[in-house]
There are 2 protein chains.
Amino acid sequence: MTLSILARAEAHGLRLTGQRRIVAQVLEDSDDHPDVETIHLRACAHDPAISVATVYRTVNLFEEAGILERREFGDGRARWEDAERDHHDHLIDMQTGEVIEFVDPEIEALQERIADRLGYDLKGHRLELFGVKRK
Amino acid sequence: MTLSILARAEAHGLRLTGQRRIVAQVLEDSDDHPDVETIHLRACAHDPAISVATVYRTVNLFEEAGILERREFGDGRARWEDAERDHHDHLIDMQTGEVIEFVDPEIEALQERIADRLGYDLKGHRLELFGVKRK
DNA sequence: ATACTTGCAAAGGCTTTGCACCCTA
DNA sequence: TAGGGTGCAAAGCCTTTGCAAGTAT
């Protein structure tokens, strides 16, 4: 079972303000990897008064609590997603910025093996493949 | 055989100014993944008058020419390295920012297979594993 | 009631760019 | 010489932060 973002925030003892509930809901409803600007835009649909600063503070807070994960796809801004989503990796189209999610069973094993070889712990690991779509 | 950065710049018809020669030399001599600030610092050892703006313009120019490759390790600034270095991947310590280079033959095959499956061309591909060192 | 949160606007860090001057080919 | 390059400082973007006012517990 997986608790909702809000439930996990509460479990972490975080204060549940109206703004945090909204940001949590927005990310709960997102299947993509929204940046702060996008999250803010979606949050404004619930409460037009919410500020970008609060969105920044909330996602950072949730990240520290292990509720969200920050992604960097090379376009200079952070993307966010629920840390409890099923593990998957990303393929980024360096020309269009498009993000493809995929799962490959071998990658799981490979990542562990490499981390092991190098003495690293890949909890919360990610794989990023950068490429361009074939014509 | 692999031409020097400077030789490749010349081959691309780029104008070889004093500043570009220096930036090329600095990167030729670098075994790490310097950011612009670091490149500028090293360049100043050759010519204290070189400006950061020129370093930015030069690395971007060299990237467009396929001479250098830009890396993003999640710390908000770009790192640069010779595009002709032997292919390798990176493991980034998310706590210290340390960058480990490594090569794994299976990754080569895996990357190709995944790219193939997804219809992508991974020329100039990269793998980034994010983790923290085991205690 | 108190400690924490928010909005606003200013500031920070990295990168790009306009402009006048300078230099390579 | 002519077209491109450089330095400087200003501006752009994304993100963080100081402060006064507001709010969850």
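Side chains included, hydrogens not; waters and symmetry mates left out as well; all remaining heavy atoms used. Letters A, B, ... are given to chains in the order of the sequence lines, protein chains preceding strands, and every chain is numbered from 1.
When the P atom of C:dT15 is taken as reference, atom CD1 of B:Ile39 falls 10 Å away, rounded to whole Å. What separates CD of B:Glu72 from C1' of D:dC13 is a distance of 14 Å, to the nearest Å. Rounded to a whole Å, the CZ atom of A:Arg70 is 9 Å from the C1' atom of D:dT15. For A:Ile22 and D:dT23, the CD1 to C1' distance is 14 Å, given to the nearest whole Å. Between the P atom of D:dT6 and the CG atom of B:Leu14 lies a distance of 11 Å, rounded to the nearest Å. Rounding to whole angstrom units, CD of residue A:Glu63 and C1' of D:dT16 are separated by 14 Å.
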Task: Contact letters for nucleotides 7-14 of chain C, in which S counts primed atoms plus P, OP1 and OP2 and B counts the base, heavy atoms under 4.0 Å - done: BB-----S

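Between A:Thr17 and C:dC4 there is no side-chain N or O to OP1 or OP2 distance below 4.0 Å. Checking the phosphate oxygens (OP1, OP2) of D:dT23, no side-chain nitrogen or oxygen of A:Arg15 falls inside 4.0 Å.
Applying the salt bridge (charged side-chain N to carboxylate O under 4.0 Å, His left out) test to residues at least two apart or on different chains, the pairs with a partner in residues 4-30 of chain A are A:Arg8-A:Asp82. Pairs passing the salt bridge (charged side-chain N to carboxylate O under 4.0 Å, His left out) check and including a residue from residues 34-55 of chain A, sequence neighbours excluded, read A:Asp32-A:Arg42, A:Asp35-A:Arg77, A:Glu37-A:Arg77. For the ring pair (Phe, Tyr, Trp, His ring centres under 6.0 Å) condition, no pair includes a residue of residues 94-115 of chain A, sequence neighbours left out. Sequence neighbours left out, the pairs with a member in residues 51-63 of chain A that pass salt bridge (charged side-chain N to carboxylate O under 4.0 Å, His left out) are A:Glu63-A:Arg70. Sequence neighbours left out, the pairs with a member in residues 21-71 of chain B that pass ring pair (Phe, Tyr, Trp, His ring centres under 6.0 Å) are B:His33-B:Phe73, B:His33-B:His90.
If you check every strand for non-hydrogen atoms under 4.0 Å, A:Asn60 touches sugar and phosphate atoms only.
Considering only residues two or more places apart in sequence or on other chains, B:Glu84 meets the salt bridge (charged side-chain N to carboxylate O under 4.0 Å, His left out) condition with none of them. Residues satisfying the salt bridge (charged side-chain N to carboxylate O under 4.0 Å, His left out) test with A:Glu72, not counting sequence neighbours, are none.
Each of B:Arg21 and A:Arg20 was assigned the nucleotide of DNA chain C with the nearest heavy atom; the assignment lying further toward the 5' end belongs to A:Arg20.
Terminal axes of the helix from C:dA1-D:dT25 to C:dA25-D:dT1 (five pairs each, C1' rotation axis) are separated by 40°, to the nearest 10°.
A salt bridge is defined here as a Lys NZ or Arg NE, NH1 or NH2 lying under 4.0 Å from an Asp or Glu carboxylate O, and B:Glu81 with B:Arg79 fails to meet this definition.
We find the CD1-OG1 distance between B:Ile67 and B:Thr58 to be 10.5 Å, quoted to the nearest 0.5 Å.
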